[in-house]
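Heads up, the thing below is written out as structure tokens.
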Amino acid sequence: MIQKKFESAAQAVADMQDGATLLVGGFGGSGLPSHLVAALVEQGAKDLTIVSNNIGAVSDGVAALISNDQVRKISCSFPVGPHADDLIARLEKGTIELEIVPQGTLAERIRAGGAGIAAFYTPTGAHTELGEGKEEREFNGRLHLMEHAIVADYAFIKAHRADRWGNLVYRKTQRNFNPVMATAARITIAEVDEVVEVGEIDPETVVTPSIYVHRLVELSPQKEGKVLVNG
Amino acid sequence: MIQKKFESAAQAVADMQDGATLLVGGFGGSGLPSHLVAALVEQGAKDLTIVSNNIGAVSDGVAALISNDQVRKISCSFPVGPHADDLIARLEKGTIELEIVPQGTLAERIRAGGAGIAAFYTPTGAHTELGEGKEEREFNGRLHLMEHAIVADYAFIKAHRADRWGNLVYRKTQRNFNPVMATAARITIAEVDEVVEVGEIDPETVVTPSIYVHRLVELSPQKEGKVLVNG
Amino acid sequence: MVKEPKETIGWTMPELASKVAHDLEDGWFVNLGIGLPTLVADSIPEGKEIILHSENGLLGLGPKPEPGEEDWDLVNAGKEPITLLPGGVYFSQSESFAMIRGGHIDAAVLGAFQVSQRGDLASWKLPNTLLGRVGGAMDLTAGAKRVFLFMQHTSKQGPKIVEECTYPLTTPGCVDRIYTNLAVIEVTDDGLVVRELAPGVTFDYVQERTAAPLTLQADNPSEKVGV
Amino acid sequence: MVKEPKETIGWTMPELASKVAHDLEDGWFVNLGIGLPTLVADSIPEGKEIILHSENGLLGLGPKPEPGEEDWDLVNAGKEPITLLPGGVYFSQSESFAMIRGGHIDAAVLGAFQVSQRGDLASWKLPNTLLGRVGGAMDLTAGAKRVFLFMQHTSKQGPKIVEECTYPLTTPGCVDRIYTNLAVIEVTDDGLVVRELAPGVTFDYVQERTAAPLTLQADNPSEKVGV
């Protein structure tokens, strides 16, 4: 019988190794799997390569991993915000590598990774500093850049509700990078508010099919009466 | 005020020109926009380039356009079935061109067209007859083919319910090629069972957002007490 | 090489389906090809959760509907009416093939015209025909983690397991295991290895009907396996 | 070139937002950038249906929630709480940027550091800084059917409208129209054309604050436009 539920975020991330590549969902605090990130700070795996849209927007996001010196390289579109100081300090020391990727190219590279597309051509970023060193090619008279797929060892994602198989639904703009990141990792760990039995989620409404989800951690902030303010 | 609804399938296809490129949704009879296809047979536009997964599965599908000599080229994955005889006759006469495309590559080329990706690399079809003449490239030690995006002038799609803006939901496996084809045409025409007011479809359940839908035709088979058997 | 006579020998197709179903692991996501492989759906042992994928856009394929209960908006890749299990979901063809191409399908169980000793598969087009029916075959065989064939050991034309495919290829080197009415054969780096023989079928009998060299699995009790 | 003094001249930002909103057509899908451009959302005339897109994954962005009604799972691209209009929908970031890159957004209204006479845009990184904040700016400017800038005519550093951008480019030749507190300027094949002057603002006044040659639209009544 399929059972993907882990007892805690700590157990779900326990096997993570130094040097792993990790996708972290969320857009600022919305849809951020903050309990999984906190568990990884505790667990301590180092030399991580992290792909996440924002890194300085919230203190309980990727910023926490950077401050704890667990990150070797970070790919993101928006490396600024109130908690980016520790990133800047490490960039100046040269202990961390930063790759800035246009947001749509970041999403599409992850989507390509999940969909078995090795590389693709996009007009985004052509003739810019972020396109330097990339292979260029013209299609329909317009310059495009070749961009490579991103695949990862792990993805940390946040969803609203899961069923036992791992089908996921989200709340509102909590989706953001979560559905696409779920597809591109060898082990996708979803932090959810609630795990229900199969059949309890309308099959027409599932956003992330169970095939993409390997581990579930149930954390019920609503049930605990906590108000979620991640801004 | 946004109003995408046309009075009839005939009106929705009235402006189609000879030489147009057309995507037709459906997988066999399921999700096939058969009223739009029938209206186009009536309308008579010629020299069409058609992209559709099946062509011979049902008589009221693309087969009808082929038999009526409206098609110059057809791209599909499955050009066989009980109604493919007229295709074979025209192939032998040389009056129609057939491009056989692996089903996943077909879907992905349309997806690329809708998503602004000019071309992509896939392992599907490498070292096969269908890969002949295509640009090849190795990624991670594996041969890939470069495949180009498909974009079209029109898409005919079938959905279950639309709202006035053109947001769509589908019934079960009626989705098939419809959601992806909706994204890749200059003018997407959706044949639906019902058009409702905005707000009547749960925003978490919309499959095709209104941005991809330009025209709606309401055809209510259920309401007319017709049993839909398209097999 | 001997042409297969029209006789019942070895496993029946439902027996073979049970064998395949037995080898699928709990929790796997599995795509069953059109035709014979769909028999596997009815053979999954009680208590084992295998989630079946249909490339037209669903996971969690259930049994055929009762007569009169067909819903023509709920069909499998063969365009036959099916049902959806609790936990099943719908999605589009592009999402479906993202799953396939992206390596998320644990196993694809497919039919074949020919398979070579290196696991090259020919399954989409007969030679010298105008039309091929590729469907999702190239995507599935290029993308699934494992490709299992489910087929009659021979056709009217003779052996289907050959040294080199003469029919147009679907995907080279993609086949992991071949289930036929006569035997279960692994495609290994050392060639084709017979893992199991059907009851009453000898190794020589299988070899005679196979146009590529076979070896018997080393830890196989003997040629008498299954007799 | 004259530095802009800290004074109120020309249109206020809400007035400018109304001007942009007036130029958006009924039924358009429009992306509003972070910061100033979000003012446009509050200025859409009654009866006009403009569907606002937010790149973090929604169409149908509504007004800000009442205080106390914020839902932190419903935010815009600036990570501020917003609401969803009836007819609005949610989707993922990859779907969102498929819309953008695929040319489905009718207009993007964005801020800028610099814009050149050919419509080159610099908006994501200041020179000689370690970090840039590209976000979705390159995708939007490469993908949207029209790019409108919404900005102060000058910055503390002087003119923002220049012959050549000296800051890192976002996308070359992408800008169609520039809305500033002083004027509405079209980027044409013949250079920058002033389409409208703010009340009390002369053509010469705008030209003095612009580091690229401007022309007045031929059918513009006169320099006295808007006075």
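Below, each value reflects all heavy atoms present in this structure, side chains not excepted, and no hydrogens, waters or symmetry copies. All values derive from a computational prediction rather than experimental measurement. We name chains A, B, ... by the order of the sequence lines, and we start the count at 1 in each one.
In plain terms, the two heavy atoms of Pro203(B) and Gly88(D) that are nearest each other are CB-O, 3.1 Å. Between Ala98(D) and Arg111(B), the shortest heavy-atom contact is CB-NH2, 4.3 Å.
By the 4.5 Å heavy-atom criterion applied to side chains, Met99(D) and Pro209(B) are counted as neighbours.
When each of Ile2(B), Val198(B), Asp202(B), Val151(B) is scored by its heavy-atom pairs under 4.5 Å with chain D, the top score falls to Ile2(B).
By the neighbour-count criterion of 12 heavy atoms within 6.0 Å, atom CD of Glu42(B) is sparsely surrounded, having that number or fewer from other residues, nucleotides or ligands. Heavy atoms from other residues, nucleotides or ligands lying under 6.0 Å from NZ of Lys48(D) number more than 12.
Among residues 126-147 of chain D, no residue has any heavy atom closer than 4.5 Å to a heavy atom of chain B.
One finds the CZ atom of Phe29(D) at 10.0 Å from the OH atom of Tyr212(B) (value rounded to the nearest 0.5 Å). The OG atom of Ser210(B) sits 4.0 Å away from atom CD1 of Ile51(D), with the distance rounded to the nearest 0.5 Å. Put simply, CD on Gln3(B) and CD on Glu49(D) are 9.5 Å apart, with the number rounded to the nearest 0.5 Å. Ile211(B) contributes atom CD1, which lies 4.0 Å from atom CD1 of Ile105(D) (distance to the nearest 0.5 angstrom). Taking CD of Glu204(B) as the reference point, atom CG of Leu84(D) lies at 9.0 Å (rounded to 0.5 Å).
Asp163(B) contributes no side-chain N or O that, together with a main-chain N or O of Gly87(D), makes up a donor-acceptor pair within less than 3.5 Å.
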